[in-house]
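Numbering of ligands and ligand atoms starts at 1, following listing order.
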Amino acid sequence: MKDAQPRAIYLKDYQQPDYWIDTSALTFELGEESTLVTSTLNFHLNDSRQHDTLPPLPLHGQEMELVSVAIDGEVIPADQYQVDKEQLVLQPKSDRFETTIVTRIKPQENTSLEGLYRSSSMYCTQCEAEGFRKITYYLDRPDVMSVFTTTVIADKEKYPVLLSNGNAVDRQDLDNGRHLVTWNDPFKKPAYLFALVAGNLDFIEDKFTTMSGREVTLQIFTESHNITKCDHAMRSLKKSMKWDEDVYGREYDLDIFMIVAVDDFNMGAMENKGLNIFNSSAVLARQDTATDAAFQRIEAIVAHEYFHNWSGNRVTCRDWFQLSLKEGFTVFRDAEFSADMNSRTVKRVEDVNLLRSHQFVEDAGPMAHPIRPDSFIEINNFYTLTVYEKGAEVVRMIHNIVGKDGFRKGTDLYFDRHDGQAVTTEDFVTAMEDANGVDLTQFKRWYSQAGTPVLDVTDDYDEEKQEYRLTIRQSCPATPGQKTKLPFHIPVEVGLLDGEGEPMPVTSEGKTTLILDLKDEEQTFVFTGMDERPLPSLLRGFSAPVRLNYDYSREELIFLMSNDEDGFNRWDSCQRLAIDVLLELVAAVQEGRELVVDESLINAYRQVLSDTSLDKAMVAEMLNLPSETYLAEQMDVIDVDAIHRAREFVKQQVAVGLQDQLLATYQRLNIEKLYRPEAEDIAERVLKNTCMAYLVELDDVVGVELAKSQYAAATNMTDTMAALNCLIHATHESAAPIVGKALAEFAEKWIGDNNVMDMWFAAQAGSPRTGKLEKIKELMEHKAFDKKNPNKMRSVVSVFCGRNLVNFHDLSGSGYEFLADEVIRVDTLNPQLAARLINPMTRWKRYDEKRRELMQKALKRIQSHDLSADIFEVVSKSLA
Ligand code: TRP
Ligand code: ZN
């Protein structure tokens with residue numbers, strides 16, 4: 001360990017700071033050697049503290065050189081303050097005072113990508129969660145909100161563009177070819193929302209007129225070679241601004257809104273006030289460089305960051321335990337936006353897929369935590385699927401409990417009551433309760449209890465009484481630090497189908513769907529006037545983030561697939577059927593039995609393919625077999641080889657069984673068309689490419705020929721990547737010589753485009769056939785690879801370890817040793833990235849004994865090094 005062992009901090013210990021900061025004036029002098037930061041802060045004592053004994057003022061600060069400190073204009077000698085590696089402690093002499101602190105930092109040596117750092121030719125910042133303390137000494141906590149004025153000084157030729165939050169209020173040319181720009185942000189904000197950018201950047205500009213008629217300037221900045229890839233992000237931004245006005249009544253509040261794309265970024269994007277900074281992969285798109293999936297991801301992330309202006313910035317978090325206050329709510333908002341812009345059911349399926357195949361795993365593992373954690377060692381480890389995605393599900397449940405209009409009343413009250421404040425998830429729920437006159441006391445357990453609840457559902461039908469009874473039992477597995485759980489309040493949406501597949505009325509008003517409020521450990525819901533035994537459609541729309549068990553027969557699942565009025569459950573029935581069939585085959589592989597795919601699955605798929613009432617994207621979703629990760633999640637002891645064998649076998653059998661129909665569908669959809677990244681067109685492409693992915697499973701040239709000609713003819717990256725992936729995965733021998741050539745040509749064409757090359761890397765790293773460990777190491781030596789860049793590391797290392805399961809889990813243990821080496825290396829450069837890379841190894845207890853031992857050994861080897869708090873926390877919790 002560096003220093004002492006990092007300590008955990010607890011929600012229950014929260015206290016307000018002793019001092020508040022009213023204004024923060026910062027001046028940055030950006031130099032090639034180092035950057036000088038002068039900060040002038042106006043403090044006042046917290047009213048609830050005693051004025052006669054002024055408490056000391058500890059300011060956070062790391063990795064910087066302290067040049068000078070002054071209070072109220074008087075320089076303080078070094079013996080009147082204490083400074084160590086984490087803080088500067090001052091002793092105030094009055095309850096209102098001004099500090100002037102000068103520090104020197106080295107952004108060009110900062111590889112952690114938090115604080116002020118360099119990315120290619122520019123300077124940029126990332127301050128959430130606790131990065132501001134790497135810029136200057138400060139009260140770096142979200143409840144300290146201050147008005148910022150920022151002056152940036154730099155060489156004018158190298159850095160013509162100098163940006164910070166708010167409005168530009170001054171521009172001047174200085175001596176030695178330097179210039180200065182001053183920005184003022186009139187809104188109080190915590191330091192984590194501070195941003196600065198300096199570079200030689202190009203931009204596109206547009207305008208948006210808000211609901212009250214104010215004109216806002218919109219700008220997107222990139223390096224000049226990417227300037228033609230910003231239009232989609234701009235369109236997405238304008239749509240988001242309009243949607244937030246229409247749906248939430250929220251208007252933008254500054255005269256300018258800027259987005260900057262940078263290549264080196266730890267996450268997707270950051271909502272800094274008026275100056276969002278984005279991972280270039282979350283902004284840049286052009287039909288020839290980005291896939292449909294990328295277009296949709298960009299639309300969602302632009303919206304997400306924009307929506308934070310209200311849910312996060314105007315109303316922010318009191319402390320980092322409240323992270324889900326802004327993230328869960330904002331993910332819910334962006335999901336609803338995407339649902340409105342595209343297909344609602346498809347969006348829901350995608351989100352539930354993510355939640356079930358990754359968040360459920362997290363919730364069942366050593367890092368499991370409630371959406372509002374009660375302790376952490378390193379806050380960066382808590383930007384998780386649980387806080388974001390499960391957090392959004394919790395907000396969605398509130399939405400469903402109080403209804404659409406009630407929810408809007410609740411958010412209006414919340415924004416109104418807490419504008420300009422730093423608040424808690426408790427405040428959010430209280431606003432919902434107050435606006436709607438509901439009691440969410442029991443519901444609040446979703447904020448404090450970790451783990452995925454399990455619902456076991458049984459039913460019986462009494463023909464004489466014409467009564468149908470649904471009994472639901474809830475339980476929740478133990479999670480670290482939480483042995484037992486109290487029952488949750490779970491909204492379970494259900495419908496009932498009659499023998500013809502028609503919906504039966506379930507309420508006295510004759511509605512065919514209803515939400516059951518499950519609050520007890522076990523509850524029975526009685527439906528009367530049932531003249532036949534119904535088939536239940538349970539947890540419609542995935543109305544709660546739970547696992548639901550009900551003993552459906554395969555016939556019943558197929559029946560629901562074609563008859564349920566709930567589109568989500570039609571898909572889910574299809575998934576359940578596929579999982580059932582696949583797990584049976586996994587067992588057959590393990591027992592060395594002959595593999596036979598149940599005809600019912602193939603027949604069901606046939607029916608889906610010919611069902612013209614279905615959205616084409618839904619057809620593709622239904623034909624998509626559950627991922628290896630999700631199947632692994634269903635097994636007590638994960639057997640990656642058997643899962644892979646079984647899944648490959650089913651793919652191939654589906655292809656054999658439906659060959660003609662798949663080909664016909666492909667050909668029907670493979671028509672030349674102007675490219676538009678709109679839901680309908682995307683749906684056609686995804687279905688076409690899903691059919692092609694099955695056809696390359698055949699031991700026949702047909703699929704390879706399709707992929708080859710599609711690859712040659714494609715005019716958009718969606719079709720190009722789909723074809724390339726098909727060639728990589730194709731079984732037929734005719735593919736091999738083409739793949740090598742296609743990959744080489746691709747790299748030659750796109751070598752200058754970072755985001756495109758990431759796809760090229762990922763396609764190879766994720767393939768069981770091409771992505772052997774040797775290949776992975778070779779890819780990492782490629783001239784387009786950068787071992788410090790998070791996108792590159794994710795596209796090779798995370799794809800290999802998280803998606804290419806058979807190779808990562810090779811019985812030699814070589815995959816684990818490789819990951820350990822990478823984690824140890826990256827931890828010294830960028831702890832946040834290292835902590836994300838290590839993730840696949842934290843679930844070591846789920847595997848067979850041999851692999852368990854090997855993974856444990858690799859984790860222990862990591863543990864023996866000098867570690868960041870990030871990796872220390874993950875490794876020690878995993879091994880516990
Ligand atoms: N708040 C960002 C979001 O919208 C998350 C984020 C971006 C972040 N960069 C980060 C969090 C770096 C921690 C560290 O979701
Ligand atoms: Zn966010």
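With hydrogens left out, the protein atom closest to atom 7 (C) of ligand 1 is Ala269 O, 3.0 Å, a heavy atom. The protein heavy-atom contact nearest to atom 5 (C) of ligand 1 is Tyr388 OH, 3.3 Å. Ranking protein heavy atoms by distance to atom 13 (C) of ligand 1, first place goes to Glu128 O, 3.6 Å.
Atom 9 (N) of ligand 1 has its nearest heavy-atom neighbour, among Met267, His304, His308, in Met267.
Among the atoms of Glu327, some N or O lies under 3.5 angstrom from an N or O of ligand 1. Of the polar atoms of Glu271, at least one N or O is found under 3.5 Å from an N or O of ligand 1, judged by distance alone.
Contact check for Tyr138 versus Ile21: side-chain heavy atoms found under the 4.5 Å cut-off. Counting only heavy atoms from C-beta outward, the side chains of Leu275 and Trp183 never approach each other to under 4.5 Å.
In this structure, Phe376 has its ring center closer than 6.0 angstrom to the ring center of Phe321. Between Tyr159 and Tyr123, the distance separating the two ring centers is shorter than 6.0 angstrom. For Trp310 and Phe415, the gap between ring centers is short of 6.0 Å. For Phe208 and Tyr306, the ring centers are positioned 6.0 Å apart or more.
Annotation: cation-pi geometry not satisfied between Arg333 and Phe337 (NZ/CZ under 6.0 angstrom from ring centroid, within 45° of ring axis).
Atoms of the protein (N, O or S only) found under 2.8 Å from the Zn ion (ligand 2) are His304 NE2, His308 NE2, Glu327 OE1, Glu327 OE2.
At a cut-off of 3.5 Å, with distance as the only test, a side-chain donor of Asn755 or Ser280 sits close to an acceptor on the other residue.
Numbered from 1 in the order shown, with element, the atoms of ligand 1 that lie under 4.0 Å from a heavy atom of Glu305 read 3 (C), 4 (O). The distance from ligand 1 to the heavy atoms of Met270 drops below 4.0 Å at these ligand atoms: 1 (N), 2 (C), 7 (C). Distances below 4.0 Å separate heavy atoms of Lys326 from the following atoms of ligand 1: 1 (N).
Taking CH2 of Trp446 as the reference point, atom CE of Met397 lies at 4.0 Å (rounded to 0.5 Å). Atoms CG and CG, on Asn167 and Asp255 in that order, are 5.0 Å from each other to the nearest 0.5 Å.
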